[in-house]
K.L.:
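This is the structure I have questions about; it appears just below.
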Amino acid sequence: MILDIQKNVPLSVYTTYKIGGSARFFCDAQNEQEIIEAFAFARRRGLPYFILGGGSNILVSDKGFDGLVIRVRNSGYKMEGEIIEAGVGMDLQNFVDIAIASGLQGIEWASGIPGTLGGAVRGNAGAFGGEMKDIVISIRFMDRKGNIRVRNNEECKFGYRTSVFKQMPGLVIISATIQLKRGDRKKLLKFSGDTIALRASRHPLEFGSCGSVFKAAELKDINPRHFEKYPRFKNLIKNDPFPVIPMACFLDEADLKNYRIGGAMVSDKHPNFFVNYDNASANDVVTLISLAKQRILHHFKIVAEEEVQYVGF
Ligand SMILES: Cc1cc2nc3c(=O)[nH]c(=O)nc-3n(C[C@H](O)[C@H](O)[C@H](O)COP(=O)(O)OP(=O)(O)OC[C@H]3O[C@@H](n4cnc5c(N)ncnc54)[C@H](O)[C@@H]3O)c2cc1C
């Protein structure tokens with residue numbers, strides 16, 4: 001089958017931010033063969049390529065992406081006992097639902113996280129104490145030369161919201177083999193529903209966003225002096241999975257809640273969400289991020305590190 005490669009495709013519709021210009025070339029890769037074909041197309045033409053999952057952790061520039069965007073859509077899976085091997089174009093929530101329906105636990109913490117399994121592996125997505133690194137057995141991927149390879153968990157070099165696939169751009173994750181364990185289906189279902197409801201109560205889901213803009217600040221990087229000035233910080237330490245203070249606390253303390261630039265705004269409900277309040281441009285968001293970084297550095301001497309990935313800047 002010939003891969004359908006389209007031209008000048010607006011990327012805003014493929015991101016949860018609903019922001020950004022067009023891709024010069026765009027395709028949906030429904031299976032491994034199409035991923036290989038898309039990669040070959042980019043290589044033949046000397047084009048840069050960008051791998052798109054669910055678009056829930058990216059900010060696309062207003063001028064778009066001058067290359068090929070490959071949206072990974074392979075979502076077949078097979079289950080053997082407590083092990084599931086799945087195409088990473090599968091929505092993460094779909095993976096959670098499949099696991100729970102089969103009475104398998106280990107991924108239920110991811111309930112309500114948008115995006116695909118591939119995006120979650122690359123960024124070692126995590127929530128409520130769970131992380132992808134705890135359940136990945138191995139990852140099948142394409143390297144930058146187009147060879148299909150497999151890395152085991154250790155070789156994936158997972159860390160806090162990172163992995164080798166993030167550290168070495170250009171690798172294309174194709175499928176993930178995940179180890180789960182037997183659990184109580186009813187309890188898992190309830191946990192999943194409660195988690196989704198909790199997220200809805202904490203996150204400004206009525207607006208476009210990329211989730212948390214910044215990674216949480218590691219406790220070891222925080223000057224103890226700040227605990228004297230802001231004693232409440234001590235009560236905000238979380239294990240995620242090591243001691244951190246959520247960046248939302250610093251953004252709040254730096255008086256950034258509701259701060260707006262153009263159509264972008266720091267959410268009042270969750271200050272680490274910089275929302276698309278009113279037809280924001282990517283430039284609005286970037287300017288807001290830059291201002292927030294300056295304030296955090298100025299007030300707390302912390303270098304805020306973006307979790308969001310910039311595309312086409
Ligand atoms: C409302 C909201 C809540 C969120 N809550 C959380 C949370 O609790 N925890 C958390 O960790 N994250 C959270 N996020 C962020 C985001 O959902 C996750 O990072 C998610 O795993 C990203 O997956 P994606 O498929 O959308 O990736 P995309 O946004 O499409 O891509 C992100 C990066 O991954 C790369 N990528 C995607 N697929 C592949 C692949 N197959 N091979 C190689 N590279 C790939 C892209 O090139 C890009 O660099 C939240 C986001 C939103 C909008």
Side-chain angles (χ1 to χ4, degrees), residues 17 56-59 109-110 112-115 119-134 156-167 195 198-199 201-204 207 209-261 264-275 284-310 313:
Y17 240 140
S56 64
N57 200 25
I58 57 172
L59 177 66
W109 53 266
I113 298 183
V121 167
R122 177 190 180 269
N124 186 25
F128 305 107
E131 280 185 297
M132 291 307 294
K133 77 167 174 40
D134 300 332
C156 290
K157 297 189 174 24
F158 289 116
Y160 175 51
R161 300 294 173 271
T162 191
S163 73
V164 72
F165 305 104
K166 188 165 178 177
Q167 291 144 20
T195 303
L198 183 65
R199 285 177 160 280
S201 71
R202 288 182 179 173
H203 296 166
F207 299 115
S209 81
C210 63
S212 291
V213 166
F214 298 115
K215 292 180 177 180
E218 290 190 43
L219 195 59
K220 65 177 174 54
D221 298 333
I222 298 169
N223 188 330
R225 202 168 48 83
H226 293 313
F227 293 114
E228 289 156 29
K229 195 167 172 199
Y230 307 101
R232 77 182 186 97
F233 282 0
K234 266 207 171 127
N235 305 324
L236 298 170
I237 298 170
K238 285 202 314 184
N239 269 313
D240 189 22
F242 43 79
V244 295
I245 297 191
M247 198 49 85
C249 309
F250 299 107
L251 292 159
D252 185 7
E253 205 60 60
D255 219 11
L256 281 162
K257 269 185 177 177
N258 286 325
Y259 197 96
R260 279 189 216 170
I261 289 183
M265 181 175 77
V266 177
S267 165
D268 180 29
K269 198 170 179 183
H270 191 313
N272 203 10
F273 279 52
F274 291 15
V275 297
D284 293 340
V285 179
V286 167
T287 312
L288 193 56
I289 291 175
S290 158
L291 178 129
K293 286 178 85 162
Q294 283 168 29
R295 285 233 188 144
I296 289 170
L297 185 63
H298 175 75
H299 287 288
F300 309 107
K301 306 284 174 278
I302 292 171
V303 179
E305 192 188 336
E306 285 98 324
E307 199 171 314
V308 60
Q309 305 293 302
Y310 296 110
F313 283 87

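Values reported hereafter were calculated over all heavy atoms of this structure, with side chains retained and with hydrogens, waters and symmetry mates removed. Residue indices begin at 1 and follow the sequence shown.
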K.L.:
What I'd like to find out is whether the side chain of Tyr17 reaches to under 4.5 Å of the side chain of Val285, using heavy atoms alone.
P.N.:
yes

K.L.:
Which value, rounded to the nearest 0.5 Å, describes the distance between Leu297 atom CG and Ile302 atom CD1?
P.N.:
9.5 Å

K.L.:
If the test is side chain to side chain contact (heavy atoms under 4.5 Å, CB included), which one of Leu288, Val275, Asn258 qualifies with Val266?
P.N.:
Leu288

K.L.:
Measure the NZ-CZ distance between Lys133 and Arg161 for me, rounded to the nearest 0.5 Å.
P.N.:
10.0 Å

K.L.:
Can the ring centres of Phe300 and Tyr230 be said to be less than 6.0 Å apart?
P.N.:
yes

K.L.:
So, for Phe165 and Arg122, which heavy atoms are closest and what is the spacing to 0.1 Å?
P.N.:
O-NE, 3.8 Å

K.L.:
Going from CD on Glu305 to OH on Tyr160, what distance comes out if it is rounded to the nearest 0.5 angstrom?
P.N.:
9.0 Å

K.L.:
Would you say that Ile289 contacts Tyr310 through its side chain, given a criterion of any heavy-atom pair below 4.5 Å between the two side chains?
P.N.:
yes

K.L.:
Is the cationic atom of Arg260 (NZ for Lys, CZ for Arg) positioned less than 6.0 Å from the six-membered ring centroid of Phe274 and within 45 degrees of its normal?
P.N.:
no

K.L.:
Just so I know, are the side chains of Phe233 and Ile222 near enough to count as touching, which here means a heavy-atom distance under 4.5 Å?
P.N.:
no

K.L.:
Can you tell whether the side chains of Lys293 and Glu306 come within less than 4.0 Å, N to carboxylate O?
P.N.:
yes

K.L.:
Going by heavy atoms in the side chains, are Asn124 and Thr162 under 4.5 Å from each other?
P.N.:
no

K.L.:
Answer yes or no: is there a side-chain heavy-atom contact under 4.5 Å between Lys301 and Ile296?
P.N.:
no

K.L.:
With a 4.5 Å cut-off on side-chain heavy atoms, are Glu307 and Val213 touching?
P.N.:
no

K.L.:
Looking at every heavy atom in both Met132 and Ala120, which two are closest together, and how far apart are they?
P.N.:
CG-O, 3.3 Å

K.L.:
State, yes or no, whether a side-chain contact exists between Val244 and Lys238 at a heavy-atom distance under 4.5 Å.
P.N.:
yes

K.L.:
Quick check: are there more than 12 heavy atoms from other residues, nucleotides or ligands sitting under 6.0 Å from OH of Tyr259?
P.N.:
no

K.L.:
Checking the side chain of Ser209 only, and the main-chain atoms of Gly211 only, is there a donor and an acceptor separated by less than 3.5 Å?
P.N.:
yes

K.L.:
To the nearest 0.5 angstrom, please state how far the SG atom of Cys156 sits from the NZ atom of Lys166.
P.N.:
14.5 Å

K.L.:
Working to the nearest 0.5 angstrom, can you tell me the gap between Asn272 CG and Lys215 NZ?
P.N.:
12.5 Å

K.L.:
Do the non-hydrogen side-chain atoms of Leu59 and Gln309 ever get within less than 4.5 Å of each other?
P.N.:
no

K.L.:
Would you name the heavy atoms of Pro114 and Ser56 that are closest together and state the gap between them?
P.N.:
O-OG, 3.5 Å

K.L.:
Working to the nearest 0.5 angstrom, can you tell me the gap between Ile261 CD1 and Asp284 CG?
P.N.:
7.5 Å

K.L.:
Around Lys157, counting heavy atoms of other residues, nucleotides and ligands shown, do more than 12 lie under 6.0 Å from its NZ?
P.N.:
no

K.L.:
Sequence neighbours left out, cut at 3.5 Å: what donor-acceptor pairs do the side chains of residues 247-257 make with other protein atoms?
P.N.:
from, atom 1, to, atom 2, distance (Å)
Glu253, OE1, Arg232, NE, 3.1
Glu253, OE1, Arg232, NH2, 3.1

K.L.:
Do you know the tightest heavy-atom contact between Ala216 and Pro246?
P.N.:
CB-CA, 4.2 Å

K.L.:
Measure across Phe158 and Ser163 and return the closest heavy-atom pair with its distance rounded to 0.1 Å.
P.N.:
CD2-CB, 3.6 Å

K.L.:
Is there a side chain to side chain contact (heavy atoms under 4.5 Å, CB included) between His203 and Phe273? Walk through the geometry before answering.
P.N.:
CA-CA 8 Å; His203 296 166; Phe273 279 52; 3.5 Å; yes

